Student: 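One structure, as structure tokens, below. Some questions next.
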Amino acid sequence: MPSKKRPVVIALAVLGLAGLGAFAWYANQQVGGAPAAASGAAKPGAPAGGPPGGFAMAVELARVASGSLDDEVSAVGSLKSVDSVVLRPEVTGRVAAIRFADGQKVDKGAVLIELDAQTQTAELQQALANLGLAEANLKRNEELIQKKFVSQRALDETRAQLKVQEAAVALARARLAKMSLRAPFAGVVGLRSVSVGDYVKEGQELVNFEGLAALKVDFRLPEMHLAKLARGQRVELASDAMPGKRFAATVDAIDPLVDASGRSLAVRARLDNPDGALRPGMFVRVRLVFARRDNVLTIPEQALVPAAQGTTVFVVADGKVKQTPVKTGQRRAGSVEIVDGLQAGDSVVTAGQLKLRDGAPVKPVDAAAPGGGDMAGGKPAQGR
């Protein structure tokens, strides 16, 4: 009995599957044909995937601008003093006097710190006394040799003794000078770390001393710019601590060694700082201009559309768009250089690209004027 019912079950299953297939085909025909029945046949030339019935899409436009563009490179760096030292004593001793206030400007040669020099002063006085005695002996022997009361050997020994005492005086003066720390150049004294009465050791750091009249900035550039670099090139600096201000510097030196790990080149620029507005250690942004190029085409960055074939833009002509591949160059503050693919005066879509296809009709709304300005128009396009 079960074997007799099996063909019937199979037949019923086949009929059920056929019915489901027919129902799915009918439903698909109803969904696909409804818009066509409601709106009629599509207009000739309407792009596939575009607005139904060939309606124009509202987009924002901008014109391809032509102007000059600086061939430049940017980097970051830190300011340093051209002249910068940390004062350290050459001998041990006790601090006897401090002749400056923290942060004070001083001239070259000014005494900043004095160590107790009683011993060195006494040694100098002793050397001066011995020198006076040697001079007197030499004078006496020169008079006696004329009368042949002393030998030539005695006179020579007296002269040698005089030179020895002169050297002793010079040595005593040098030792005494080491007890005073003087400003090696005109600059500003930092914050001292000692007080009067402190016993300091040889080489101990006492205070930093900075020359602010001239500063230097070290920064790195990719090795690809090596052929464009040269001493004397103009550099523009900007600091976040002083927004809106620009400072001029010049390339002073280029490191002959390229960093093998980062393939970068160290560059040093120098700038004058007569008013002391800039300080060593400040973070600065560096802008180095190699040359200025004219007749450069630029468009807003938002006009670029990534595609399988590369970067493209939608160009508007006769009320329709055409997706055009372009070759880009340098980027500047919201705009990008177009090396190939466009001409000056072309209109490109800057908003609304996501719903566009080749040949789709468009309507400019709130279009951007040449140079990035906005032209009067209706409502802005909704989305991109």
Side-chain angles (χ1 to χ4, degrees), residues 32 34-36 38-74 238 240 243-244 285 287 292-384:
S39 58
K43 294 183 180 179
F55 292 114
M57 288 288 297
V59 296
E60 296 180 9
L61 302 181
R63 292 190 182 276
V64 179
S66 177
S68 60
L69 183 67
D70 289 334
D71 185 9
E72 63 182 38
V73 64
S74 299
D240 293 343
R285 304 182 188 276
R287 177 173 173 263
R292 170 163 290 190
R293 293 180 289 127
D294 296 326
N295 301 322
V296 177
L297 303 181
T298 57
I299 61 173
E301 275 188 330
Q302 57 265 33
L304 301 179
V305 178
Q309 64 270 32
T311 305
T312 64
V313 297
F314 283 101
V315 181
V316 178
D318 299 328
K320 296 182 179 181
V321 295
K322 179 181 180 182
Q323 193 168 11
T324 305
V326 294
K327 183 178 180 181
T328 61
Q330 298 187 30
R331 296 175 183 257
R332 294 286 185 277
S335 64
V336 60
E337 175 190 3
I338 300 300
V339 178
D340 187 30
L342 297 177
Q343 296 181 352
D346 286 348
S347 296
V348 296
V349 178
T350 59
Q353 300 100 312
L354 296 181
K355 299 179 181 179
L356 295 181
R357 299 292 184 272
D358 263 342
V362 294
K363 178 178 66 173
V365 175
D366 195 18
D374 290 340
M375 294 169 49
K379 289 186 185 174
Q382 300 296 323
R384 292 184 60 183

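Quick caveat: nothing in here was measured; it's all calculated off a predicted structure. Scope of the values below: all heavy atoms of this structure, side chains included, with no hydrogens, waters or symmetry mates.
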Student: Taking Glu60's backbone N and O only, do any of them form a donor-acceptor pair with Thr350's side chain (distance below 3.5 Å, no angle check)?
Tutor: yes
Student: Drop me the distance from Leu297's CG to Gln343's CD, to the nearest 0.5 angstrom.
Tutor: 8.5 Å
Student: Holding to side-chain hydrogen bond (donor to acceptor under 3.5 Å, both in side chains), I want the full list of residues that pass it with Thr298, two or more places apart in sequence or in another chain.
Tutor: none
Student: In chain order, what residues pass the side-chain contact (heavy atoms from CB on, under 4.5 Å) check against Arg331, with sequence neighbours excluded?
Tutor: Glu301, Leu304, Val336
Student: With sequence neighbours excluded, tell me which residues meet side-chain contact (heavy atoms from CB on, under 4.5 Å) with Arg287.
Tutor: Asp70, Glu72, Glu236, Val289
Student: Run the side chain to side chain contact (heavy atoms under 4.5 Å, CB included) test on Val349 and Leu61 for me, step by step, so that the C-alpha distance in whole Å, both residues' side-chain angles and the decisive distance to 0.1 Å come before the verdict.
Tutor: CA-CA 5 Å; Val349 178; Leu61 302 181; 3.7 Å; yes
Student: Check side-chain hydrogen bond (donor to acceptor under 3.5 Å, both in side chains) between Glu337 and all other residues, then give those that pass, not counting sequence neighbours.
Tutor: Arg293
Student: Could you grab the distance from atom CD1 of Ile338 to atom NZ of Lys327, nearest 0.5 Å is fine?
Tutor: 11.5 Å
Student: Under the salt bridge (charged side-chain N to carboxylate O under 4.0 Å, His left out) test, which residues partner Arg285, sequence neighbours left out?
Tutor: Asp240
Student: Partners of Ala307 by side-chain contact (heavy atoms from CB on, under 4.5 Å), sequence neighbours excluded?
Tutor: Gln309, Thr312, Gln323
Student: Can you name the closest pair of heavy atoms from Asp294 and Ser68 and give their distance?
Tutor: OD1-CB, 3.4 Å
Student: What's the shortest heavy-atom distance between Gln302 and Gly334, and which atoms?
Tutor: OE1-O, 4.2 Å
Student: Who are the side-chain contact (heavy atoms from CB on, under 4.5 Å) partners of Asn295, not counting sequence neighbours?
Tutor: Ser66
Student: Hey, are the side chains of Val348 and Leu342 touching, using non-hydrogen atoms and a 4.5 Å cut-off?
Tutor: yes
Student: What's the separation between atom NZ in Lys320 and atom CZ in Phe314, rounded to the nearest 0.5 Å?
Tutor: 15.0 Å
Student: Between Val315 and Val313, is any pair of side-chain heavy atoms under 4.5 Å apart?
Tutor: yes
Student: Using every non-hydrogen atom in the two residues, find where Met57 and Leu356 come nearest and quote the distance to one decimal.
Tutor: CB-CD2, 4.1 Å
Student: Mind checking the OG1-CG spacing from Thr324 to Asp340? Nearest 0.5 Å is all I need.
Tutor: 11.0 Å
